[in-house]
Structure formats: structure tokens, C-alpha cells
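Structure first, then comments.
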Amino acid sequence: IKILRRFPNQIAIGGFLRETVALASFNGRVQAVSRDGYLIGAPEAEADTLPVIKGLQKQKVHAGVPVADERLTTALQIIDFAARDRVLADAGLRSVNIDDLDKIVCVFGRDKALFDVFVEKDKGLAKFRDLSIILGRGNLDLSGVKYVDLRFDEPVIGKKKTRK
């Protein structure tokens, strides 16, 4: 809410509705974050389906204030792209670990069929288009995938070890 005093005897009140798109871990506490990087505060009960952003710098954060962190901006771009792409949205982005910008780790999957996706900051969104194409073909059994590494010219798919 923004309150402005207009002299001599008026007050203007304006409000902004910010939707929670992710949960971010700041200083060991999980906080809700909006699409434009504003800290909303404590997450609501149904927020457990939202992706979690990990690996952010320790900093003082306050509700209603934008978080000044390049890592958060990068993570929110990844989350936004994954939410808008039909194939990646179906795959289910669970978390983004932005601790190392040369190896951003995104966890995708539903239930127990989880797999990691490795990507670099500089090539991130372009490589996520490749991931969408790979997953969209439908010939890849995701329950057997351990990771997809998008940091190379050709994506590398690592399979889970099967017990004999």
C-alpha cells in the first residue's frame, strides 16, 4: 500500500496486488516472492506447490521491498519461462539453486520422478527452449532420467542406475 499526503488536506491511497510465484530462502527462512522480485512475506499454506529458490546471498530483507540480487532476477526469469512453456510447466519445476551461476541446478519432476537440469546463466533461457523440445518429444522416460546437462553444445542426459 502506498499512502501519499497531498497538501493542504488530501490523502491518496494506492495498492498493488502482487502474486506469489516462488518461495525464496533468505538467511535460513523461506519467504514468498513476487514476479517482479518483491518480498511478500511469509508463504501461505498452499504455497508448497511453488518452486523454491535456493543459493541467494545473505542479506537483510523486508516485506514490500524489492530484493536487490542479480541471482534472484535470474531465478525468476527461469521460473517465468518454465511456467509459460507448456511442456516445462507439465514437467513441474520444483526448485532453482542459483548458488553457482556457472552451474544453476533446477529440479523438475512430479512425485518421486525427479531429475536435475544444469544450465549456465548466460545461456539459460535459450537452453531451456532445447529442454522443452527434448521433453516434448515424448520418447524420453523421465522416471529413468537423473539429470539433463544443458551447459554443452549438445544436451547430455544422465540415466539413473538400475539395480539388477
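Please read all numbers here as calculations on a predicted model, not as lab measurements.
By the side-chain contact (heavy atoms from CB on, under 4.5 Å) test, Leu17 pairs with no residue at all, sequence neighbours left out. In this structure, the salt bridge (charged side-chain N to carboxylate O under 4.0 Å, His left out) partners of Arg35, at least two apart in sequence or on a different chain, are Asp80. Remark: Lys123 pairs with Glu120 by the salt bridge (charged side-chain N to carboxylate O under 4.0 Å, His left out) rule, at least two apart or across chains. For Ser132, the side-chain hydrogen bond (donor to acceptor under 3.5 Å, both in side chains) test picks out Asp85, with sequence neighbours left out. Listed by chain and residue number, Glu70 satisfy the salt bridge (charged side-chain N to carboxylate O under 4.0 Å, His left out) test with Lys121 (two or more places apart in sequence, or in another chain).
Leu125 and Leu72 fall within a single hydrophobic cluster, where Ile, Leu, Val, Met, Phe, Trp and Tyr side chains are chained together by heavy-atom contacts under 4.5 Å. When the side chains of ILVMFWY residues are joined at heavy-atom separations under 4.5 Å, either directly or via intervening members, Val67 and Ile79 end up in a single hydrophobic cluster. Both Leu39 and Leu76 are part of a single hydrophobic cluster, where members link through side-chain heavy atoms under 4.5 Å apart. Tracing side-chain contacts under 4.5 Å through hydrophobic residues (I, L, V, M, F, W, Y), one reaches Ile104 starting from Ile134; they form part of the same cluster. Connection of Ile133 to Val145 is not established within any shared hydrophobic cluster, with ILVMFWY side chains joined at heavy-atom distances below 4.5 Å, either directly or through further cluster members.
Here Ser25 contributes atom OG and Ile53 contributes atom CD1; the two are 10.0 Å apart, rounded to the nearest 0.5 Å.
Among residues at least two apart or in separate chains, salt bridge (charged side-chain N to carboxylate O under 4.0 Å, His left out) pairs with a member in residues 134-152 are Asp149-Arg151. Judged as a side chain to side chain donor-acceptor pair (under 3.5 Å), not a single pair has a partner in residues 88-108 (not counting sequence neighbours). Among pairs with a residue in residues 1-29, those fulfilling salt bridge (charged side-chain N to carboxylate O under 4.0 Å, His left out) read Arg18-Asp36, at least two apart in sequence or across chains. Among residue pairs with one or both ends in residues 84-104, none qualify as ring pair (Phe, Tyr, Trp, His ring centres under 6.0 Å); sequence neighbours excluded.
Scanning all heavy atoms of the two residues, the minimum distance from Ala83 to Ala89 falls at O-CB, 3.8 Å. Here the closest heavy-atom approach between residue Ala75 and residue Val96 is recorded as CB-CG1, 4.1 Å. Closest approach of Phe108 to Ala91, counting heavy atoms only: CD2-CB, 3.8 Å. Ser34 approaches Val21 most closely through the heavy-atom pair C-CG2, 3.7 Å. The two atoms that bring Gly136 and Val87 nearest to each other are N-CG1, 3.6 Å, heavy atoms only. Considering all non-hydrogen atoms of both residues, Ser143 and Ala113 come closest at CA-CB, 4.2 Å.
At a threshold of 4.5 Å between non-hydrogen side-chain atoms, the residues Thr20 and Val33 do not count as touching. Side-chain contact between Phe81 and Leu88: present, with at least one pair of heavy atoms (C-beta onward) separated by less than 4.5 Å. Within the 4.5 Å cutoff, the side chain of Leu131 has no heavy atoms near those of the Arg129 side chain. Contact of the Leu150 side chain with the Val148 side chain is registered, since non-hydrogen atoms from C-beta on lie closer than 4.5 Å. Taking 4.5 Å as the limit, some side-chain heavy atom of Cys106 sits within range of a side-chain heavy atom of Leu93.
When Thr74, Thr73, Asp69 are each tested for a side chain to side chain contact (heavy atoms under 4.5 Å, CB included) with Arg71, only one passes: Asp69.
Counting Ile, Leu, Val, Met, Phe, Trp and Tyr side chains that sit under 4.5 Å apart, directly or through other members, Tyr147 shares a hydrophobic cluster with Val105, Phe118, Phe152, Val156. Hydrophobic clustering, defined by side-chain heavy atoms of Ile, Leu, Val, Met, Phe, Trp and Tyr closer than 4.5 Å, leaves Phe7 isolated from every other such residue.
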**Item:** side-chain contact (heavy atoms from CB on, under 4.5 Å) assessment of Ile98 paired with Leu56
**Value:** CA-CA 7 Å; Ile98 201 88; Leu56 295 169; 3.9 Å; yes

